[in-house]
A.B. asks: 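Dumping the structure here so I can ask a few things about it.
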Protein chains: 4
Amino acid sequence: MISQNRITDPSSPRGKLLASAAKLFKKKGYSKTTVRDLAAEVSILSGSIFHHFKNKDEILFAVMNEVVIAMDEALKSEIKKAHTTLDKIRVLIYIELQFIHGKTSNATAVLLHEWRALIPEKQQQILSSRADYFQLWDEVLIQAKSEGLIEVEPEYLRHFLHGALTWTSHWYQAGGELSIDGLTDRVLILALKNNIDQ
Amino acid sequence: MISQNRITDPSSPRGKLLASAAKLFKKKGYSKTTVRDLAAEVSILSGSIFHHFKNKDEILFAVMNEVVIAMDEALKSEIKKAHTTLDKIRVLIYIELQFIHGKTSNATAVLLHEWRALIPEKQQQILSSRADYFQLWDEVLIQAKSEGLIEVEPEYLRHFLHGALTWTSHWYQAGGELSIDGLTDRVLILALKNNIDQ
Amino acid sequence: MISQNRITDPSSPRGKLLASAAKLFKKKGYSKTTVRDLAAEVSILSGSIFHHFKNKDEILFAVMNEVVIAMDEALKSEIKKAHTTLDKIRVLIYIELQFIHGKTSNATAVLLHEWRALIPEKQQQILSSRADYFQLWDEVLIQAKSEGLIEVEPEYLRHFLHGALTWTSHWYQAGGELSIDGLTDRVLILALKNNIDQ
Amino acid sequence: MISQNRITDPSSPRGKLLASAAKLFKKKGYSKTTVRDLAAEVSILSGSIFHHFKNKDEILFAVMNEVVIAMDEALKSEIKKAHTTLDKIRVLIYIELQFIHGKTSNATAVLLHEWRALIPEKQQQILSSRADYFQLWDEVLIQAKSEGLIEVEPEYLRHFLHGALTWTSHWYQAGGELSIDGLTDRVLILALKNNIDQ
DNA sequence: TATGAATGAGTATTCATTCAT
DNA sequence: CATGAATGAATACTCATTCAT
């Protein structure tokens, strides 16, 4: 589903490093993950990390940046396939949940929860990469508002949904009794103006 | 509005330390706030901090614990004054927003965003203090469900709302064009099953 | 048995402090015993210690000095009562064991084992107070040598016996199957030239 | 004389660190020797110490452990070469004096005098390594007792001699008028039952 | 590219001591 | 005399980063 353009080959040393970094940053937090931890995870010595990344910041940035690119590409690709505005809203929610709970959950968690660990300069870079993604959300929600599908102002709704979705990483377990589709359905109910019976 | 039982007197040395800690932990993050930073903020020397708290962990815990207690007391007190279930749902949302964006916003931000920095043992303590607060939410939402006011299962809805509210700290600015009351209204729309016209 | 001249009254605040200091210094070592530990032991606050002693060094010095004085007085007094040289040697050994394992064992242990913790200047003071005590040992042993009671040179023998006696604090338990008298007998055997049958 | 199995190569960084640690721990005591002192002694920076040892405790342990191993090996090897029980007793004393006053005097002094500075858990490890050494002493002394060479019970005698020998570090100067052989002779006189004329 | 020893600035924490009350 | 909050220098230890091999 997700195209891998501009994404490091996961079987390369750099790719393995990024995957391990995402895993450890999620598990222990960025600041508590040492470069030595990371080196140990990929069975090299700490000094060798710096042949692949200039410094620890760069690793965090790369983890985040790759997931940002992947999310944007995935959303663009899936939105195209959706024909009604309702379907498009569903895609917005579903893709985000897929990233949070699917194969890229580690990197996505890092993007969402280690934001402040990133140095401000690089936060800006990520934000501008992420603008496209939010733009897609806004387009769909503005259309939905004009169609009377939603009630709350699109910008506010985007923030509300983003918050609700992000927070699922703290309580939702993929593989439990509630599927990601089921979860998507419930979030959709929140978003929509239920005036008739949807 | 908020009773101050079991809360450190804010004019005491300990109280000042806690307020400054909340401010700095919010601004720079717990792990990047040094004990020296904190001491400088209250114009004492770093060693003197340990006259008031056994270690840095204890400070984070105290900041969180006081806000947990205050939230619980505030919610209990306001819920009592609300007569309809609809009013009660509004109170759930309003109180949380008040804590996130009002006078206790620093401490509340720390509670919500520095969770992982807290050592696991103390996370447990906070969680059990917080159980009361969540219990209040559940009681109201279960009642609302039985009255047909909401559609999504109460537990899921609580998580969605909690996420949406928490996330407001990243984008909403109190004092802007949208008041906290206005913000509360919008969140309420999400929560409710709008079958007639609310 | 031990006269209390020049020794602090044990029921006075200073006396209680010294007794507690001896106890703690023996148990935890001087450097690991904090002024706060000591204050807690006598139920005062740490700042109050400095009304009784100028600094921590002084406490260690006082503990040592009092036991040095007491040992000297005890030995002088008991030697007088011994009539033969053999009896006197026995007294040398017995008194030392009595101090190491009797009521003053804490302070004696501190004197013997915390020597290096004392600042050099005060080590000199203790050494000169202790000269009298060693003088008594030397007088007795020189006489013993001239009578053919011992074989090894008196000065060496004094060191050997002193080492053997000091070391008993690491293995001998008063109140066990071997009494202090029994222990004295065994040390005496070492000291004496057993040419006939002692 | 001393085989170096299981002993760190003294020319390696770790070996140099251990030698310097032994020297400083003897001179100033363990607790008064700072990690910075130690680093300065080997001309590295304090942080680099922790490249070789996990913490300060480990350094003390390593110093003690190496000398314990060396003493055991030296004693085993020399005891084998002694044919009579009398010779063996002499070896017990001589080896201990060699360690206390010979090339390994620093480390041996640390083993004997910094015992309490070692954390209890590691004291146990040293004690169990040291059991072999004491076992050799006991075997020889028990044999000596059965041959009528000594009078005092072997276990007590071991403690007395150990104390007397340990104490020599406080007064005996190698290279003075009394040689280590001469010192050994004097201690031997203490140990033996001099019934005829030895 | 990988190693691993060394760096050096930084961290939380300790503790004897002071002093206004 | 006692208090207890504050001091401030010192401590062990951490860790991202460098660099000769």
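The figures here come from the full heavy-atom set of this structure, side chains too, leaving out hydrogens, waters and symmetry mates. So that the names make sense, note that chain A is the first sequence line, chain B the second, and so on, each numbered from 1.
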A.B. asks: Quickly work out the C/Phe53 CZ to F/dA2 P distance and round it to whole Å.
C.D. replies: 12 Å
A.B. asks: Could you work out, with ring pair (Phe, Tyr, Trp, His ring centres under 6.0 Å) as the rule, every residue matching C/His52, not counting sequence neighbours?
C.D. replies: none
A.B. asks: Under a 3.5 Å cut-off on both pairing distances, which runs of 3 or more consecutive Watson-Crick or G-U pairs involve DNA chain E?
C.D. replies: E:2-21 with F:2-21
A.B. asks: Take atom CG of D/Leu24 and atom P of F/dA12, then tell me their distance rounded to the nearest Å.
C.D. replies: 12 Å
A.B. asks: Which whole-number value in Å describes the distance from A/His52 NE2 to F/dA16 P?
C.D. replies: 17 Å
A.B. asks: Out of F/dT3, E/dA6, E/dT17, which nucleotide sits closest to the side chain of C/Asn55?
C.D. replies: E/dT17
A.B. asks: So what does C/Ile44 touch, heavy atoms closer than 4.0 Å: a base, only the sugar-phosphate, or nothing?
C.D. replies: sugar-phosphate
A.B. asks: How many Å lie between NZ on B/Lys32 and C1' on E/dA9, as a whole number?
C.D. replies: 16 Å
A.B. asks: In this structure, how many angstroms lie between the P atom of F/dC15 and the CZ atom of A/Phe50, rounded?
C.D. replies: 13 Å
A.B. asks: In terms of side-chain heavy atoms, does C/Thr8 have a donor or acceptor partner in C/Arg14 at a distance below 3.5 Å?
C.D. replies: yes
A.B. asks: Mind checking if C/Ser31 touches a base, just sugar-phosphate, or nothing, with heavy atoms under 4.0 Å?
C.D. replies: nothing
A.B. asks: Let me know the distance between CG of C/Leu45 and P of F/dC1, rounded to the nearest Å.
C.D. replies: 16 Å
A.B. asks: Take the protein atom NE2 of D/His51 and the nucleotide atom C1' of E/dA6, then report the distance between them rounded to whole Å.
C.D. replies: 7 Å
